[in-house]
2 protein chains.
Amino acid sequence: MPRTADHDERRRQIAEAVCALVADHGLDAVTVARTAATAGMSVGLVQHYFRSKDEMLLHAFRTVGARIRARADERVRAGTDHRRPLARVLSEVLAEFVPLDGTRRAEFRVTRAFAGRALDAPALAEVDVETARLIRADLARGVHNGKECGEVAPDLDPWPAAVRLLAVAEGLALQVYRDPGGVEGTPAAELTAAVIDAELATVFTGTCRQYTGRPGA
Amino acid sequence: MPRTADHDERRRQIAEAVCALVADHGLDAVTVARTAATAGMSVGLVQHYFRSKDEMLLHAFRTVGARIRARADERVRAGTDHRRPLARVLSEVLAEFVPLDGTRRAEFRVTRAFAGRALDAPALAEVDVETARLIRADLARGVHNGKECGEVAPDLDPWPAAVRLLAVAEGLALQVYRDPGGVEGTPAAELTAAVIDAELATVFTGTCRQYTGRPGA
DNA sequence: GTAAAAACCGTACCGTCATACGGTTATCCG
DNA sequence: CGGATAACCGTATGACGGTACGGTTTTTAC
């Protein structure tokens, strides 16, 4: 039997290298050779794990999409487990998309770069669409759940609301990225909180009838 | 004296060709040779008008940015001249960014493609930032003007409101582009109108005390 | 030990593209 | 008319990058 290696782990390493390169120097700077060098392996090995460069990029994009969705999922799950007000939970979920620090800024650059290329790469576009769909579904579910405990008006349609919330988050992300210092004297962080919370306030118009405090409090 | 040519017109033609290529096949498909062919001229001539490819792309991006700003400006000007309700005027301005038809979809693809490359091209980034700034300023001015005739609460800060409005428009544009058919049964056009108007309703909370009808009515 | 199979390496090849450059054509002024 | 100058053309060139490919090393089962 031949020597073995952790296939998924290798692919993850390569995806990591791709993301690092994109975040630091842009998608155009991603070459197979540079990726291999960044990942600390040879060109041939990268080829061993990905038949083509496109496939490599696709896998990288899928990886970041999955990571983002997982983070959102996790926050929602933790929030509902701890019976926190949904408006608070969603506020944090949405703020996650806004590039207020280095980490989120790097992630923003990566997703934007891929989204840009996705304009003419159907495989990448599908990942983009699917990621957005799932996040929107999460938000819609959050709004729907809000009805059960009275945070949301019973006759509100969750889908347009979810579209609005996601739109504000993504649009705000664009603006904060362009103007990291904020707008007209208002720092970016304050602006983000203000805009997101104002938006959430139009959806979550009531307070939860049940337990809204922290579990340990 | 030598033979003459309309310098600006030639550069406009080239920018046009670049935009067509970007809209149809993406920014990666833009080569100097292809651009020249699309514009119906030789490679050498393109070089005659632009020292480098980067300069060519920069000029193209500047051109589309200026066109977009001009359209927004024009709508606002026409609206205020005709004394139409500001909420209506801004609704149309914001909808202008949402890719609901072929024209806007093509423009969206162009701006997104350039914005993507702008992530690692400072010159392009500056155009992107400046364009967004001016549009936001227009919106803020609109909100501010709304105070004078009572459409907007006097104590509302126009800047966060402008950020919100632009964020919704840009974010909605992303979602409509990804899901041109709409979301969960709601067609894109209806969704756009609903989201934008809902958003405007949170800013323009009053009705104009003065003349709000059409001038000819 | 050894054979097989996979993991891994380095390079050669080929196409593409931006740019440089020498040459040609058209126009205008004197 | 003529020459000067800009408009315009076509190609050569050099760099770069994706992929094909042959070779080497390592591990494991028998």
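In what follows, chains are A, B, ... by sequence order, proteins preceding strands, each numbered from 1.
Counting any heavy atom pair closer than 4.0 Å across all strands shown, A:Tyr49 reaches sugar-phosphate atoms only and no base atom. Heavy atoms of B:Val46 sit nowhere under 4.0 angstrom from any nucleic acid atom. Counting non-hydrogen atoms under 4.0 angstrom, A:Thr31 reaches the backbone sugars and phosphates but no base.
A donor-acceptor contact under 3.5 Å is formed by the side chain of A:Arg3 with the base of D:dT25.
Every pair passing ring-ring contact (aromatic ring centres under 6.0 Å, His included) that includes a residue from residues 173-195 of chain B is listed here, sequence neighbours excluded: B:Phe108-B:Tyr177.
For A:Met56 and D:dT19, the CE to C1' distance is 13 Å, given to the nearest whole Å. For the pair A:Arg34 CZ and D:dT19 P, the computed distance is 15 Å after rounding to whole Å. Residue A:Arg51 contributes atom CZ, which lies 12 Å from atom P of D:dT19 at whole-angstrom precision. In this entry the distance linking CD of B:Glu9 with P of D:dA6 reads 21 Å, nearest Å. The separation between A:His48 atom NE2 and D:dG23 atom C1' is 15 Å, rounded to whole Å. A straight line from CG of A:Leu45 to P of D:dT26 spans 14 Å, rounded to a whole angstrom. Rounded to whole Å, atom P of D:dA20 lies 15 Å from atom NZ of A:Lys53. At whole-Å resolution of the value, CG in A:Asp28 and P in D:dG17 are 10 Å apart.
The structure places OG1 of B:Thr131 at 5.0 Å from CZ of B:Arg69, a figure rounded to the nearest 0.5 Å.
Taking every side-chain heavy atom of A:Val32 into account, D:dT19 is the closest of D:dT19, D:dG10, D:dG17.
Here the side chain of A:Asp157 pairs a donor or acceptor atom with the backbone of A:Trp159 at under 3.5 angstrom. Remark: the backbone N or O of B:Val30 is paired with a side-chain donor or acceptor of B:Lys53 at under 3.5 angstrom. No side-chain donor-acceptor contact under 3.5 Å links B:Arg112 to the backbone of A:Leu119.
In the 5' to 3' direction, nucleotides of DNA chain C lying under 4.0 Å from heavy atoms of chain A begin and end at C:dA4 to C:dG10.
Residue whose closest nucleotide on DNA chain C sits further toward the 5' end, between B:Ala33 and B:Pro2: B:Ala33. Take the nearest nucleotide of DNA chain D for B:Val43 and for B:Ala5: the residue whose nucleotide is more 5' is B:Ala5. Mapping B:Ser52 and A:Gly44 onto DNA chain C by nearest heavy atom places A:Gly44 closer to the 5' end of the strand.
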**OP:** Start with the C-alpha gap between B:Glu92 and B:Arg88, add the side-chain angles, then the distance that decides, and say whether salt bridge (Lys or Arg N to Asp or Glu O under 4.0 Å) holds.
**Re:** CA-CA 6 Å; B:Glu92 291 170 6; B:Arg88 292 290 179 87; over 6 Å; no

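With sequence neighbours left out, B:Arg10 forms a salt bridge (charged side-chain N to carboxylate O under 4.0 Å, His left out) with no residue at all.
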